[in-house]
Amino acid sequence: MPKIVHGLAAALPLANVDTDVIMPKRFLITITCEGLAEGTFADLRFHDDDTPRTDFVLNTRPWHGARILVVGDNFGCGSSREHAVWGLVQLGIQGIIGTSFAGIFYDNARKNGLALPIVSPEVRDQLMQAASHEDGVSYTIDIENRIIRTGETELPFDMDDATQTAHLEGREDTLNSLEFADANRNYERGLDDQQRVRVIQ
Amino acid sequence: MSPKTLYDKIWDAHVAHETDDGTCLLYIDRHLVHEVTSPQAFEGLRMAGRPVRAPEKTIAVPDHNVPTTPDRVNGIDNEESRIQVEALDKNARDFGINYYPVNDVRQGIVHIVGPEQGWTLPGMTVVCGDSHTATHGAFGSLAHGIGTSEVEHVLATQTLIQKKSKNMKVEITGKLNPGVTAKDITLAVIGETGTAGGTGYVIEYCGEAIRDLSMEGRMTVCNMAIEGGARAGLIAPDETTFDYVKGRPHAPKGAQWEAALTWWKTLYSDDDAHWDKVVTLRGEDIAPVVTWGTSPEDVLPITATVPSPEDFEGGKVEAAKRSLDYMGLEPGTPLNEIEIDTVFIGSCTNGRIEDLRAAAEILKGKKIKDGMRAMVVPGSGLVRAQAEEEGVAQVFRDAGFEWRLAGCSMCLAMNPDQLQPGERCAATSNRNFEGRQGRGGRTHLLSPAMAAAAAITGRLTDVRELM
């Protein structure tokens, strides 16, 4: 997972962008994680006849190559579909700067190395305004120091310790938990003495 | 011992390991699985050569993209959907997990099947790769949605890596007025807190109006906790809970029942427990509500008018403009003059027997408006059978509703049940997002009784006028 995300930033000012918007459900009928870039923001990016919508930021210059999004409040709300995160990453998005993210989306992002720095509404507005400039602007998200850099400016962001560690160490959660197999076994042994989670077949 | 909330108690009882940064390995009692968010997880297990750690605690059922028309017994036409359902068939078989295939009478929406079969019990941790897993919190269990990577993690380890959320209390005091239901409560709460108001919290719903609800109603309330941004919603178990659970196929019996009951009775928030946030609504103040926009927080009483973007501030002004444009609505229009062409009754929010009864009560002896497309999709095969037996199904058929087989159907329109662009639907489901019920489709969320009233009049209607 990248410790530093650097790239062109695009502004997506809508509040409450839900995972149905990020990845419409017709792209969920798949048994793999692949080929989801085309589904990402599909209804915002394309007309019904699949021609690109020129009013969508990622379809306009210079932002078609954006790596970072600056977004409205409560981004990623709605369904648990990890396809939304897979699709964003496959589209080349590596960081999303916002004021708040839905819980499941936030966890899914961590699992896929998509950085979600949380900033205050004032900082977000400032970054969004700058990102809207027609020349385009690049930001650097420094995960280790929890700082967003642009030019000479350094702006702090929030990221909980566990998420930061996951990004920095690139740890694989399943393996990590298997290391705790003993704790798990002990816990399960404890259950035998209680009635509460017995399985009735 | 310091006082604890119900959430604290369930959390503490499930921590298998805690690390220095406060991250916990949480033991999972029940893992529910459906066809859309699980194939990649099972594939991950295969690639790594791992078994499912606790197949006896893992329950799968296809629901999201299965057709609900009677001809589905002949197979699924859509090739991609069929592949996904067949993948679940195979995964269930290969990994030896509990399974209700599409033509089993017990098949249905995963959040209706779990409680119905007694898999969901008080004090448990329940997860599923679906955000509406919050439904199971109605039993006093900690239940929430997870992503596909986490589905794989739970399959492999029967644990989840989690950080504890904060505690939020939502109290609904007093009694509800006639015509006001659990759906109106849960929508009114989201209208109050906003869709991000619960972010970072687990909500406990309490108060007289919540205590007075049936289990079906409590499931409706908890179901939409996620729409308020909360990790989970839950309600302390009581006699209503125990009565519902007792005798279900996978509920404890005999001495095990007695032992379980002893523990379940300790599952409540202590009087002086700490709450990070408290929201209180008076039951008497809640009216039958509908949504006007494309976010579940866009809630108003049916007696109100469509708002104007100027009524809002911040990013919400732009969002309201866009919502009104998408919904094709003019500010100032009375909500009860909005004409609709489709009615959908069903979903994990409102697809249980009590929901169907409430709608049928309004529909009895009446016909839906000419040209109206009205559909009722029971939440499970067993709900459907019960509705047939009680005569509820016949009321729907006589009124002109299509009477379908169980599934998620038009709640998320992954199966053939979809809105066409510009069509306007009164829906008992949980999300009014753009395109949720079909590209360009417009959704108004409401209760089953309100949906029935709208089917009769052809417009959003105050159900109290028909009572």
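So you know, we letter chains A, B, ... as the sequences are listed, proteins then strands, and number each from 1.
More than 12 heavy atoms of other residues, nucleotides or ligands lie within 6.0 Å of CZ in A:Arg149, so this atom counts as buried by the packing criterion. Heavy-atom neighbours of B:Glu318 CD from other residues, nucleotides or ligands within 6.0 Å: at or below the threshold of 12. By the 6.0 Å contact criterion, CG on A:Asp55 is enclosed, its count of non-hydrogen atoms from other residues, nucleotides or ligands being greater than 12. With a 6.0 Å radius and a threshold of 12 heavy atoms from other residues, nucleotides or ligands, A:Gln129 has its CD atom at or below the threshold.
Residue B:Thr262: no heavy atom, backbone or side chain, is found under 4.5 Å from chain A. Heavy-atom distances place no part of B:Glu258 under 4.5 Å from chain A, backbone and side chain included. For a residue to count as touching a neighbouring chain, one of its non-hydrogen atoms must lie under 4.5 Å from one of that chain's; by this rule B:Arg431 touches chain A with the side chain only. Both the backbone and the side chain of B:Thr148 come within less than 4.5 Å of a heavy atom in chain A. Residue contact with chain B, scored on non-hydrogen atoms closer than 4.5 Å, is absent for A:Asp73. Only the side chain of B:Ser295 comes within less than 4.5 Å of a heavy atom of chain A; its backbone N, CA, C and O stay farther away. Heavy-atom distances place no part of A:Arg124 under 4.5 Å from chain B, backbone and side chain included. Only the side chain of A:Leu14 comes within less than 4.5 Å of a heavy atom of chain B; its backbone N, CA, C and O stay farther away. Only the side chain of B:Leu25 comes within contact range of chain A, with heavy atoms under 4.5 Å apart. Heavy atoms closer than 4.5 Å to chain A are found nowhere in B:Glu43, neither backbone nor side chain. Of the two parts of B:Ala413, the backbone and the side chain both hold a non-hydrogen atom closer than 4.5 Å to a non-hydrogen atom of chain A. When heavy atoms are compared at a cutoff of 4.5 Å, B:Val15 approaches chain A solely by way of its backbone atoms N, CA, C and O. Within the 4.5 angstrom heavy-atom criterion, only side-chain atoms of A:Asp160, from C-beta onward, approach chain B. For chain A, no part of B:Glu35 is nearby; none of its heavy atoms comes within less than 4.5 Å.
Heavy-atom neighbours of chain B within the stretch residues 31-39 of chain A, taken at a separation under 4.5 angstrom, comprise A:Ile31, A:Thr32, A:Cys33.
Residues in residues 104-125 of chain A take part in these ring pair (Phe, Tyr, Trp, His ring centres under 6.0 Å) pairs, two or more places apart or across chains: A:Phe75-A:Phe105.
Using a 4.0 Å cut-off between charged side-chain N and carboxylate O, B:Arg82 and B:Asp89 make no salt bridge. For the pair B:Arg322 and B:Glu434, the salt-bridge criterion is met [side-chain N within less than 4.0 Å of a carboxylate O]. The residues A:Lys3 and A:Glu169 are annotated as not salt-bridged, no charged nitrogen and carboxylate oxygen being separated by less than 4.0 angstrom. The residues A:Glu82 and A:Lys111 are annotated as not salt-bridged, no charged nitrogen and carboxylate oxygen being separated by less than 4.0 angstrom. Of the charged side-chain nitrogens involved, none lies within less than 4.0 Å of a carboxylate oxygen, so that A:Asp158 and A:Arg146 do not count as a salt-bridged pair.
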(request) Show the numbers, then the answer: is there a side chain to side chain contact (heavy atoms under 4.5 Å, CB included) between B:Asn98 and B:Trp119? (result) CA-CA 11 Å; B:Asn98 298 287; B:Trp119 290 113; 3.6 Å; yes

(request) Step by step, work out the side chain to side chain contact (heavy atoms under 4.5 Å, CB included) result for A:Arg185 and A:Arg189. (result) CA-CA 6 Å; A:Arg185 259 194 297 278; A:Arg189 216 170 279 135; 4.3 Å; yes

(request) Step by step, work out the side chain to side chain contact (heavy atoms under 4.5 Å, CB included) result for A:Phe157 and A:Ile97. (result) CA-CA 9 Å; A:Phe157 66 80; A:Ile97 302 169; over 6 Å; no

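Chain A forms more heavy-atom pairs under 4.5 Å with one residue of B:His64, B:Glu80, B:Arg231 than with any other, namely B:Arg231. Between chain B and the residues A:Asp161, A:Asn108, A:Val21, A:Val85, the most heavy-atom pairs under 4.5 angstrom are made by A:Asn108. Chain A forms more heavy-atom pairs under 4.5 Å with one residue of B:Thr294, B:Thr133, B:Asp130, B:Asp20 than with any other, namely B:Asp130. Between chain A and the options B:Asn65, B:Thr199, B:Leu412, the largest number of non-hydrogen pairs under 4.5 Å is found for B:Leu412. If you tally non-hydrogen atom pairs under 4.5 Å between each of A:Ala15, A:Gly103, A:Pro121 and chain B, the highest count goes to A:Gly103. Of the listed residues (A:Ser100, A:Ala102, A:Ser79, A:Pro13), the greatest number of heavy-atom pairs within a distance under 4.5 Å of chain B belongs to A:Ser79.
Side chains of A:Arg81 and A:Lys25 form a contact here, defined as non-hydrogen atoms less than 4.5 Å apart.
Under a 3.5 Å cut-off, the side chain of B:Thr37 and the backbone N or O of B:Gly129 do form a donor-acceptor pair.
Between A:Asp18 and the options A:Asp20, A:Asn16, A:Ile22, a side chain to side chain contact (heavy atoms under 4.5 Å, CB included) holds for only A:Asp20.
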